[in-house]
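Since the structure comes first, as structure tokens, the remarks are kept for the end.
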Amino acid sequence: MKTSPPDIDAASLLDPADWESFRDEAHAALDVALEHIRERQAQGVWQELPDRARQVDAPLPEEGEPLPNLVGELQDRVLPYTLGNIHPRFWGWVNGTGTPSGVIAQMMAGAINANMGGRDHAPIYLERQVIRWMQDLFGMPAGASGMICSGTSTATLLGLAVARQRATGGEARTGGNAVRPGLRVYASAQAHVSVDKALELMGLGSEALCSVPVQPDFRMDTVELARHIEADIAAGLTPLAVVSSVGSVNSGAIDDLPVINRLAREHGLWHHVDGAFGGLCVLSDVLKPRLAGIEAADSIAFDFHKWMHVGYSAGCLLVADGELHRQTFQTSHAYLQGERQGIAGGSPWPNDFGIELSRGFAALGVWFQLKEMGTRRLGQAIYRNCVQASRLGECVEASEHLELLAPVSLNIVCFRYRIPGLDGPALDRLNRRIVVELQCRGIAAPSFTVINGVVAIRVAITNHRTRWRDLQALLDAAEALGRELLGSPDIGP
Ligand SMILES: *Cc1c(COP(=O)(O)O)cnc(C)c1O
């Protein structure tokens, strides 16, 4: 007797049983999302999280709930308590601000649900288009390749793996680092920790990183770089790569790319650029000349989710030698083999250029942003932030109680509150407290860092919503808090 599988009732499918009412609920959710962007800006930049926002002991749901309940729960315990990076007064760390149309891009990507690991489908060509635009924008040579990935940390790891591929003639893929002991990587003392992490993951260890001192302007001291490379060669070590910073974390300094290019070429090093936020200064006609030399780098890592305001997360790696890039990651497993025709066509696939196989459609958000805004408008928003930073720096210098702690190179201003009679650890404590109070009172969100051994209030402006009045409010509040907190017992002289 033949059995036929029982028919499935509509309610047990994962698609909506009633598309019409689902559509209404989905439209209402979109309204909530867009209203959030508008309303969140009128609230404080951040607030202490109530217990219900921190709660993580809810039971695993056995039965489902309707969509409006879920949206309601988000409105109650998530939307008011977000980081604040979509707020005009958020300047902590380096965060992107997002755009309302970014919501639409992520919604469309969700609908398509593309797996961007490979195969032949239209979304792959949208990603290739974005990569080609970026290669042109950065002036990469013919034959260059690119990869959209989760961010600059990943892009730097991938870029340094390509560097090792070249240095070991590909042998590291099979023999590991043992095939070429003593590989060395150079970066300035102001470089991002993602460089250390990349070396740790590559099995070279963070001790393979030579931390090159910086000049007073926080750019890598290239005389020291040359000295270290030569000393390492003399000691029998093998210089692998130099990582330059285009926009260093603390102060936004841009390393001397032409000199680093020359030193890299002379000694056979790979030149990788960490341009996480600063790289996209190429979008501004005014700022672009400061990045001269970037076109001759071997690889460039940067983020779309920072200064281009694409929704999280989207970063990019560009590699001048696309063939070498492919050789670093391509595999030949039968079930992933390409075909000339059919769905398995379209070789080479994105997974031939990185480590992720299944990948999301982050490229859609980038494509959307570039098509909707155009490079001119995006570049102007970047330049505006630099003008704001420079004016903020001037105001700090003009103020009696504020002290500028690093030259303003790009979009980052590091300063502190200062009053005669208070210094050392007490002054550091006071400035930390100012930052925490600015955040907890919802006034503004700078972060803090340490510059030349002292605590600094750090304002990194990658925010297209910031107006001068927001920065003026920060200045006023920082001075007022300095005065107010000076008397508090935990500061003390
Ligand atoms: C943010 C940042 C990184 C890391 O990028 P992610 O996208 O967060 O992984 C690396 N370098 C610099 C200079 C950065 O600002």
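Since this is a predicted model, take the numbers as computed values, not measurements. Atoms within a ligand are numbered from 1 in the order they appear, just like the ligands themselves.
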Return yes or no for this condition: an N or O of [X] is under 3.5 Å from an N or O of ligand 1.
| X | value |
| --- | --- |
| T154 | no |
| S150 | no |
| T152 | yes |

Number the atoms of ligand 1 from 1 as they appear, then name those within less than 4.0 Å of a heavy atom of [X], with their elements.
| X | result |
| --- | --- |
| G247 | 13 (C) |
| K306 | 1 (C), 2 (C), 3 (C), 4 (C), 5 (O), 14 (C), 15 (O) |
| H305 | 7 (O) |
| A276 | 2 (C), 3 (C), 10 (C), 11 (N), 12 (C), 13 (C), 14 (C), 15 (O) |
| F277 | 15 (O) |
| G151 | 7 (O), 9 (O) |
| S194 | 10 (C) |

Subject >> Test: R391 and E394 ion pair at under 4.0 Å >> reply: no
Original post:
Is R54 salt-bridged to E48, going by a charged N under 4.0 Å from an acidic O?
Top reply: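 Salt bridge present between R54 and E48.
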Starting from [atom], locate the nearest protein heavy atom and write down its residue, its atom name and how far away it is, to 0.1 Å.
| atom | value |
| --- | --- |
| atom 7 (O) of ligand 1 | D303 OD2, 2.7 Å |
| atom 11 (N) of ligand 1 | D274 OD2, 2.6 Å |
| atom 9 (O) of ligand 1 | S153 OG, 2.6 Å |

Original post:
Of N411, N85, T462, T466, which is the lone residue that meets side-chain hydrogen bond (donor to acceptor under 3.5 Å, both in side chains) with W91?
Top reply: T466
Subject >> side chain to side chain donor-acceptor pair (under 3.5 Å) contacts in which one or both residues fall within residues 122-132, not counting sequence neighbours >> reply: D120-Y125, E127-R359, R132-D136
**OP:** Walk me through it: do F138 and F302 pass the test ring pair (Phe, Tyr, Trp, His ring centres under 6.0 Å)?
**Re:** CA-CA 11 Å; F138 282 92; F302 62 96; 4.8 Å; yes
Subject >> Distance-minimising heavy-atom pair for M220 and V243 >> reply: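 Looking at all heavy atoms of both residues, the closest pair is CE-O, 3.7 Å.
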Original post:
What closest approach, in Å, do S409 and G252 show between heavy atoms, and which atom pair accounts for it?
Top reply: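 Smallest heavy-atom distance, with atoms named: OG-O, 3.1 Å.
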Original post:
With R465, which of H87, Q41, R89, H309 fulfils side-chain contact (heavy atoms from CB on, under 4.5 Å)?
Top reply: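 When side-chain contact (heavy atoms from CB on, under 4.5 Å) is applied between R465 and each of H87, Q41, R89, H309, only Q41 qualifies.
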**OP:** Test L370 against M134 for side-chain contact (heavy atoms from CB on, under 4.5 Å), laying out the working first.
**Re:** CA-CA 11 Å; L370 286 164; M134 290 305 111; 3.7 Å; yes
